[in-house]
Amino acid sequence: MQYFVDKESVVRKIWGKSDTILFIFAGASAEFALNKAVDWLYFTGKLPADPLGRLFSTVRYARMIVFSSMEDANKAIDTMAKIHSAVEQSRGATIPDWAYRDVLFMLIHYSIAAYELLEKKLTDAEKEEVYNVFYRVGTRMGVKELPPTYAAWLPVREAHLQENLQRSEYTYDLFKQYKKHLGAMRFKVLIEGQKLVVPQRVRELLDFSDFSLLTPVVPLYKVSRLMKMDWLLKNILLPADYKDQIDQLDVHPD
């Protein structure tokens, strides 16, 4: 059977662990809030109403692609394209191509940043591997003007960060919703986690300091994983309502 992502790929390692995935979406939640096209996520009302539910919904699609056969992965990508098309029809407008690229670019950046934070530095070949997976997702969805390689993507990513981000009323409202759904303590942890993976442009727009309170905690967390104690920290830091869904993120589908 041909898989969309090779069984030995580092992409499966990245998307096969709950803590890595949570850092991916911690970072993306910060950048999403600054994106000039974030109003599209407000059109359906799903993101502000249930940001954690939206996270797990997105994760399900990403994992369907990463761990599925070529045929099933393509079906999942086509389903995503249809969902976006339906939203466009409802609103009577078209989601800009650059907005689609931004979402793919976030998944690429935070997949690499989260893995390097919690595991080890990726080689150039592994970064190319990560890029290629999301390049193929974007191509299948019909996203235009995607750079062909990771190296070619880097300056384009930087240009997108400079051109497509701004602090707006949506930024303030989304962070307000994050705090409402997480609670004050977990929201503080989210902010400190975001500082560890977001690029400089995002840090500047959100007035983040360069230092994160989690910096000295990360090495201790890595030790706790080796001792199989990381479940205790996750139970403390994450909402109980989502415990089962978080646990399932560590299960590698066949």
Side-chain angles (χ1 to χ4, degrees), residues 1-29 31-32 53-88 95 97-154 156-157 160 197 245-254:
M1 180 185 294
Q2 185 181 10
Y3 288 90
F4 193 84
V5 177
D6 187 81
K7 282 192 171 184
E8 302 304 316
S9 172
V10 70
V11 179
R12 286 193 170 215
K13 295 176 183 177
I14 294 170
W15 285 86
K17 290 187 176 181
S18 59
D19 45 12
T20 310
I21 292 172
L22 291 171
F23 266 101
I24 290 171
F25 282 92
S29 65
E31 193 169 325
F32 260 128
R54 178 80 182 192
L55 180 157
F56 285 106
S57 175
T58 305
V59 167
R60 279 194 295 274
Y61 276 103
R63 286 167 65 85
M64 283 170 62
I65 295 167
V66 171
F67 293 100
S68 293
S69 67
M70 185 70 73
E71 181 180 357
D72 288 342
N74 283 334
K75 286 180 181 177
I77 296 169
D78 293 344
T79 298
M80 288 193 301
K82 289 177 182 177
I83 291 171
H84 287 94
S85 178
V87 173
E88 290 177 327
I95 299 172
D97 282 329
W98 59 261
Y100 280 112
R101 288 194 295 273
D102 279 346
V103 173
L104 285 173
F105 289 2
M106 277 186 257
L107 291 172
I108 295 162
H109 170 86
Y110 294 110
S111 291
I112 293 170
Y115 187 81
E116 291 194 331
L117 174 70
L118 295 176
E119 302 290 342
K120 61 184 179 67
K121 294 294 183 182
L122 294 173
T123 65
D124 290 343
E126 287 171 329
K127 290 177 182 178
E128 188 67 51
E129 211 172 304
V130 173
Y131 181 77
N132 180 258
V133 167
F134 291 104
Y135 173 83
R136 288 187 288 124
V137 171
T139 300
R140 177 80 183 189
M141 289 186 70
V143 181
K144 300 179 179 64
E145 298 180 20
L146 291 175
T149 65
Y150 176 78
W153 169 75
L154 288 172
V156 178
R157 162 68 169 165
H160 272 240
V197 291
Q245 289 169 280
I246 293 164
D247 289 343
Q248 290 171 10
L249 298 182
D250 282 314
V251 179
H252 290 256
D254 294 329

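Partners of Glu128 under the side-chain hydrogen bond (donor to acceptor under 3.5 Å, both in side chains) rule, at least two apart in sequence or in another chain, do not exist in this structure. Looking at residues two or more places apart in sequence or on another chain, you find a side-chain contact (heavy atoms from CB on, under 4.5 Å) between Glu126 and Val10, Lys120, Leu122, Thr123. In this structure Asp78 satisfies the side-chain contact (heavy atoms from CB on, under 4.5 Å) test together with Arg140, sequence neighbours excluded. Remark: Tyr150 engages Trp153 in a ring pair (Phe, Tyr, Trp, His ring centres under 6.0 Å) (not counting sequence neighbours).
The CG atom of Asn132 sits 11.0 Å away from the CZ atom of Phe134 when rounded to the nearest 0.5 Å. Annotation: the span from Met70 atom CE to Met1 atom CE amounts to 11.5 Å, rounded to 0.5 Å. Going from atom CG of Asp124 over to atom OH of Tyr131 covers 15.0 Å, rounded to the nearest 0.5 Å. Expressed to the nearest 0.5 Å, how far CZ of Arg63 lies from CZ of Arg12 amounts to 10.5 Å. Residue Ser68 holds its OG atom at 10.0 Å from CG of Asn74, rounded to the nearest 0.5 Å. To the nearest 0.5 angstrom, Ile24 atom CD1 is 10.0 Å from Asp19 atom CG.
Across all non-hydrogen atoms, the minimal contact from Val143 to Asp97 is CG1-O, 4.3 Å. Scanning both residues, Ala73 and Phe4, for their nearest heavy atoms gives CB-CB, 3.5 Å. The shortest heavy-atom contact between Ser29 and Ala26 is OG-O, 2.6 Å. Between Ile77 and Val137, the shortest heavy-atom distance links the atoms CG2-O, 3.8 Å. Minimum heavy-atom separation, Met106 to Ala28: SD-O, 4.0 Å.
Contact of the Phe105 side chain with the Leu146 side chain is registered, since non-hydrogen atoms from C-beta on lie closer than 4.5 Å. Side-chain atoms of Glu119 and Lys17, non-hydrogen and from C-beta on, do get closer than 4.5 Å to each other. Using a 4.5 Å cut-off on side-chain heavy atoms (C-beta onward), Phe32 and Asp102 make no contact.
Screening residues 108-117 for side chain to side chain donor-acceptor pair (under 3.5 Å) gives Trp15-Ser111, Glu31-Tyr110 as the qualifying pairs, with residues at least two apart or on separate chains.
Checking side-chain atoms of Tyr100 against main-chain N and O of Gly142 turns up no donor-acceptor pair under 3.5 Å.
Considering Val11, Leu107, Asp6, Ile108 as possible partners of Val133, the one that fulfils the side chain to side chain contact (heavy atoms under 4.5 Å, CB included) test is Val11.
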Could you tabulate the donor-acceptor pairs under 3.5 Å formed by side-chain atoms of residues 79-88, not counting sequence neighbours?
{"residue": "Thr79", "atom": "OG1", "partner": "Lys75", "partner atom": "O", "Å": "2.9"}
{"residue": "His84", "atom": "ND1", "partner": "Met80", "partner atom": "O", "Å": "2.7"}
{"residue": "Glu88", "atom": "OE2", "partner": "Ile95", "partner atom": "N", "Å": "2.8"}

